[in-house]
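What you see is a predicted model, and the numbers here were worked out from it, not measured in a lab. All ligand and atom numbering here is 1-based and tracks the order in the structure.
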Amino acid sequence: MALDAETLQQLLDTVSRFVRERLVPLEHQVADEDAIPPEVIDEMRAMGLFGLSIPEEYGGLGLSMAEEVQVAFELGQTSPVFRSIIGTNNGIGSQGLVIDGTEEQKSKYLPRLATGELIGSFALTEPEAGSDAGSLRTSARRDGDHYVLNGTKRFITNAPVAGLFTVFARTDPDSRDARGVSAFVVEAGTPGITIGKPDRKMGQKGAHTADVIFEDCRVPAAAIIGGKEGQGFKTAMKVLDRGRLHISAVCVGIAERLIRDSLAYAMERKQFGQPIAEFQLIQAMLADSKAEAYAARCMVEETARRRDAGRDVGTEAACCKMFASEMVGRVADRAVQIHGGAGYIADYGVERFYRDVRLFRIYEGTTQIQQVVIARNMIREAR
Ligand code: COS
């Protein structure tokens with residue numbers, strides 16, 4: 001554990017209070033205005049939320065994975081949009097550097113990512129390369145002391161506000177697969193980068209994704225993560241193993257919030273002369289949601305502990321991501337059903353969660369990719 005039990009509990013209490021008193025009352029506004037108020041983002045900076053997973057020596061809180069998932073359970077108790085703004089700095093936008101960066105790269109960027117001065121963004125996906133991430137086409141051509149980047153990245157979370165991109169590009173022009181890919185840290189504002197218009201999405205209004213286009217964008221050779229070509233795909237996979245666990249914890253948090261709201265509604269709403277919570281068909285939905293959310297919480301906690309103990313949790317992280325994201329989809333669907341007509345009406349917020357959670361089954365690897373990862377690892381281990 002990075003923190004003593006008391007400090008961890010204080011952090012969790014602070015986050016929980018912030019979520020309940022500050023963020024939950026803003027959920028409708030953020031969705032309507034498609035923006036988080038800047039002062040709320042500043043409060044998140046002051047609380048250290050941008051640097052949860054960044055080591056203390058670089059100015060972060062240096063939480064262990066077991067501690068980080070506890071924070072994510074708390075942050076999950078509100079609209080996932082709030083988590084999204086800090087999510088990249090703690091996950092895919094910084095961990096490439098934390099895991100594989102050189103000392104120089106870490107000390108140059110991690111302190112500013114930890115404070116939230118810089119927002120980090122992970123540019124892997126392309127118009128033609130999603131699940132088959134190793135087939136990406138963005139090129140990085142060596143030119144003296146520089147690389148020249150060309151290509152388009154798609155659906156890039158936080159791109160419109162990012163100060164730093166982790167960009168995956170092909171340094172070996174003759175390769176077609178994962179082996180020719182390298183990772184770069186690229187500062188926003190480098191000539192040759194254009195950010196597209198924010199995407200119009202099904203949900204998660206207030207969190208922004210966009211295309212990132214590189215046209216003859218020159219970056220110093222020292223920007224290659226770890227200083228070595230051809231390692232980028234492995235960096236991406238390691239970052240995603242970790243990210244998938246964090247996302248799973250967020251799914252658990254949201255499920256718990258939806259279950260609490262559904263239970264409160266069912267105990268208050270009367271039909272046929274009694275609270276609908278007294279009806280066994282409603283009870284069945286509440287119980288199924290409770291049991292499934294509990295199962296996901298246990299999986300996430302156990303996988304986080306195993307990761308902290310130094311074990312490879314690629315398979316378990318994929319199991320968590322698959323189960324927790326599918327679970328929260330079912331829980332959100334039952335939450336709408338328990339709320340009945342009110343579940344379909346925007347004022348109650350349940351339909352917003354229903355749309356928001358749909359993303360979890362897709363990003364950081366679809367459910368089908370998690371199945372592929374799990375089964376491949378099973379076969380490899382059996383051989
Ligand atoms: N950790 C470390 N290394 C890993 C790894 C992991 N979790 N997974 C794969 N690798 C390594 C492999 O060991 C292999 O190395 P060698 O060439 O030395 O043997 C290399 O990476 C290529 O692996 P593999 O052959 O399995 O790659 P594939 O192209 O078949 O792709 C999947 C594997 C499908 C699992 C991968 O492309 C993937 O995760 N896709 C989903 C991408 C994704 O999540 N996108 C979301 C975008 S971010 S929001």
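- Side-chain N or O atoms of Asn150 include none that pairs as donor or acceptor with a backbone N or O of Ser139 at under 3.5 Å.
- For atom 11 (C) of ligand 1, the closest non-hydrogen atom on the protein side is Lys234 CG, 3.8 Å.
- Nearest protein neighbour of atom 37 (O) of ligand 1, counting heavy atoms only, is Ser131 O, 3.3 Å.
- With a 4.0 Å heavy-atom cut-off, ligand 1 is reached by the side chain of Arg244 but not by its N, CA, C or O.
- Within the 4.0 Å heavy-atom cutoff, Ile369 counts among the residues contacting ligand 1.
- Between the side chain of His339 and the backbone N or O of Val350 there is no donor-acceptor pair closer than 3.5 Å.
- For atom 6 (C) of ligand 1, a protein heavy-atom neighbour is present inside the 4.0 Å cut-off.
- With no hydrogens or angles considered, no side-chain donor-acceptor pair links Arg307 and Thr303 at under 3.5 Å.
- In this structure, atom 27 (O) of ligand 1 lies nearest to the protein heavy atom Phe233 CE2, 3.6 Å.
- Listed by first and then second residue, the side chain to side chain donor-acceptor pair (under 3.5 Å) pairs involving residues 274-283 amount to none (not counting sequence neighbours).
- Taking every heavy atom of Asp241 and a limit of under 4.0 angstrom, the matching atoms of ligand 1 come to 1 (N), 6 (C), 7 (N).
- Closer than 4.0 Å to atom 19 (O) of ligand 1 lies none of the heavy atoms of the protein.
- Proximity to Leu240 (heavy-atom distance under 4.0 Å) selects the following atoms of ligand 1: 43 (C), 44 (O), 48 (S).
- Closest to atom 49 (S) of ligand 1 among all protein heavy atoms lies Glu364 N, 3.4 Å.
- A 6.0 Å sphere centred on OH of Tyr294 holds no more than 12 heavy atoms belonging to other residues, nucleotides or ligands.
- Not a single protein heavy atom sits closer than 4.0 Å to atom 13 (O) of ligand 1.
- Between Phe233 and Phe168, the ring centre distance reaches or exceeds 6.0 Å.
- The nearest protein atom to atom 2 (C) of ligand 1, hydrogens excluded, is given as Lys238 CG, 3.8 Å; this is a heavy-atom distance.
- Of the protein's non-hydrogen atoms, the one nearest atom 4 (C) of ligand 1 is Met237 CB, 3.9 Å.
- Among all protein heavy atoms, the one lying closest to atom 24 (P) of ligand 1 is Arg376 NH1, 3.8 Å.
- Every atom of ligand 1 is numbered from 1 in the order shown, and the set under 4.0 Å from a heavy atom of Thr125 is 47 (C).
- Sorted by first and then second residue, the side chain to side chain donor-acceptor pair (under 3.5 Å) pairs involving residues 45-63 (not counting sequence neighbours) are Asp42-Arg45, Ser53-Gln95, Tyr58-Glu103.
- No more than 12 heavy atoms of other residues, nucleotides or ligands lie within 6.0 Å of CZ in Arg137, so this atom counts as exposed by the packing criterion.
- Regarding atom 35 (C) of ligand 1, its nearest protein heavy-atom neighbour is Val373 CG2, 3.6 Å.
- Taken from CG in Leu113 to OG1 in Thr88, the straight-line distance is 8.5 Å, to the nearest 0.5 Å.
- With hydrogens and angles disregarded, no donor-acceptor distance shorter than 3.5 Å links the side chain of Thr315 to the backbone of Ile374.
- For ligand 1, the polar-atom distance check against Ile92 finds no nitrogen or oxygen pair separated by under 3.5 Å.
- With hydrogens and angles disregarded, a donor-acceptor distance shorter than 3.5 Å links the side chain of Arg355 to the backbone of Met202.
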